[in-house]
Structures are given as C-alpha cells and as structure tokens.
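Working notes, beginning with the structure itself.
Lettering of chains follows the sequences in order, A, B, ..., and the numbering in each one begins at 1.
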Amino acid sequence: MTSDLFAGLEPKQSAQENMAKGAILLRGQAVARADDLLAAIGKVSAASPFRNMVTPGGHVMSVAMTNCGQAGWVTDRSGYRYDGIDPQTGQLLPEMPESLLTVATEAATKAGYPDFRPDACLINRYEPGARLSLHQDRNERDMANPIVSVSLGLPATFQFGGLKRNDPVKKYALLHGDVAVWGGPSRLCYHGVMMLKDGEHPVVGRMRLNLTFRGAL
DNA sequence: TAGTAACC
DNA sequence: TGAG
C-alpha cells in the first residue's frame, strides 16, 4: 500500500515513496461553491486590495496577496508576521466571510481535523509567471492547527516535500475547486507552487486564486 | 532563502 | 527543451 497522503490524486512524478501522514487532497471539494467564494474574495479585496509584498531579503513577491480574518500574514523588510491591521490601508482586516469559513471547516473535518477554527485566511493571486518557492508555514502560534488550502482558477503544480528543505519533493496538480489539508506530522512540511502556466479559466479567467486558512493566533 | 540566477 |  502507498501512503494515503493526498489520496485520490496521483503524483505527477512516478516515484511512490511514502510521505509524512496527516495530509490529504480533497479533489473538487469546493467546485460547487466556487461562485460564492469568488464573490467573497471580491468583497475582501475591495476593502483590502491585492498587493505584491516584499520579502525580508528585499525581493518583490510574484504572488499578489490579501488577507481576511482576525489576523493576516504579512511580510516586509523586517520579516514575516501576523497582523490584525492591513499595513497598506491602516484599517482592520475585513472579517472572514461565512462562505470561506464554512468551506475551510468542512474540509478540515473531512481531513480529520474537526476542531479547526481558522482565524486567518491568506488569499493569494497568481497570474501567469507567478510562483512561490519552497517554504514552511511556521509563523503560526499553535502548530496543532492544520493548514487548509483551496484552489480556484487555472491549474498549478504543487510541490510537497518533507520537514527538511532538502527532503525529496513530490508534485501534484491542483485544479479548480481542489482543497488540500495538511497537519499533524506534516504540518511543517516544505511546500511551494511552480510557475503558473498561461491559460484561461472559464470561470476565474487568466489567474489562479488560492485561499489558505490558518490558526494564527 | 514565502528569491533569483548560473550552470550543468 | 525542460527538469532538477
């Protein structure tokens, strides 16, 4: 038997080694609610616009981001952190829309994390050419909370590695409506998104949107 | 190294 | 040419 990590989705590469447990990909889980999610993203980004933040190293990220919830992930020259205020607007972050909260908690429950109550949602917008290099989500207070990631729009290739940066990485297609959840032993696994290929999605257009739910506080 | 580039 |  192979690992049930991301059960239901074959790795794009042929290797079939087991990976850390605690992660699953729920293919198409959010397709039926895509319209609601997109409308909610529109409201959030009207209040807190997408922007390309700067890393501590001084590089402008190719992925444009915004946040909703009690706290949002931000980066600038001084480092990574969670903040309840949008540094660009100076305003409190928009509340997390009910439709987003619901999709996150339902997916978490299916994945075996029934108590997950996210207080932060990072919204990533990938245009063709955008990418996110391999990293860990490690700025959250309580690592008992999983990460829930919802994909909308153009397909992307997701890289999922291990707890060490040099651990081998497997690749998975993330399609419109897919929800990936990782936690427990896989909570701190390195992951990233390969450069988005050009294309046109019938509902979302020429972009990929990703919602990442976290328990940050 | 939440980045990029060079080089095999 | 593209993946690594």
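Each of A:Asn124, A:Asn210, A:Asp137, A:Thr212 was scored for a side-chain hydrogen bond (donor to acceptor under 3.5 Å, both in side chains) with A:Ser149, with one residue passing: A:Asn210.
Note: NZ (A:Lys170) to C1' (C:dG4) measures 17 Å, nearest angstrom. Look at CG on A:Leu132: it is 10 Å from P on B:dT4, rounded to the nearest Å. If you measure from atom CZ of A:Arg131 to atom C1' of C:dG4, you get 13 Å, rounded to the nearest angstrom. Separating the CE atom of A:Met61 from the P atom of B:dT4 is a distance of 9 Å, rounded to the nearest angstrom.
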- Query: Step by step, would you call A:Asp76 with A:Arg81 a salt bridge (charged side-chain N to carboxylate O under 4.0 Å, His left out)?
  - Reply: CA-CA 9 Å; A:Asp76 57 23; A:Arg81 66 185 180 278; 3.2 Å; yes
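Counting only heavy atoms from C-beta outward, the side chains of A:Thr157 and A:Val193 never approach each other to under 4.5 Å.
The aromatic rings of A:Trp182 and A:Phe160 sit perpendicular, their planes meeting at an angle over 60°, well past the 30° parallel limit.
Base pairing of B:dT4: no nucleotide in any strand meets the Watson-Crick or G-U wobble criterion (both distances under 3.5 Å).
In this structure, A:Arg165 reaches the bases: a heavy-atom distance under 4.0 Å links it to at least one base atom across the strands shown. Note on A:Asn139: a base of the nucleic acid sits closer than 4.0 angstrom, heavy atoms only. Using a 4.0 Å heavy-atom distance criterion, A:Arg81 is classed as making no nucleic acid contact. A:Thr55 comes within contact range of the sugar-phosphate backbone alone, with a heavy-atom separation under 4.0 Å but no base atom that close.
Phosphate contact (OP1/OP2 of C:dG4, side-chain N/O of A:Lys171, threshold under 4.0 Å): present.
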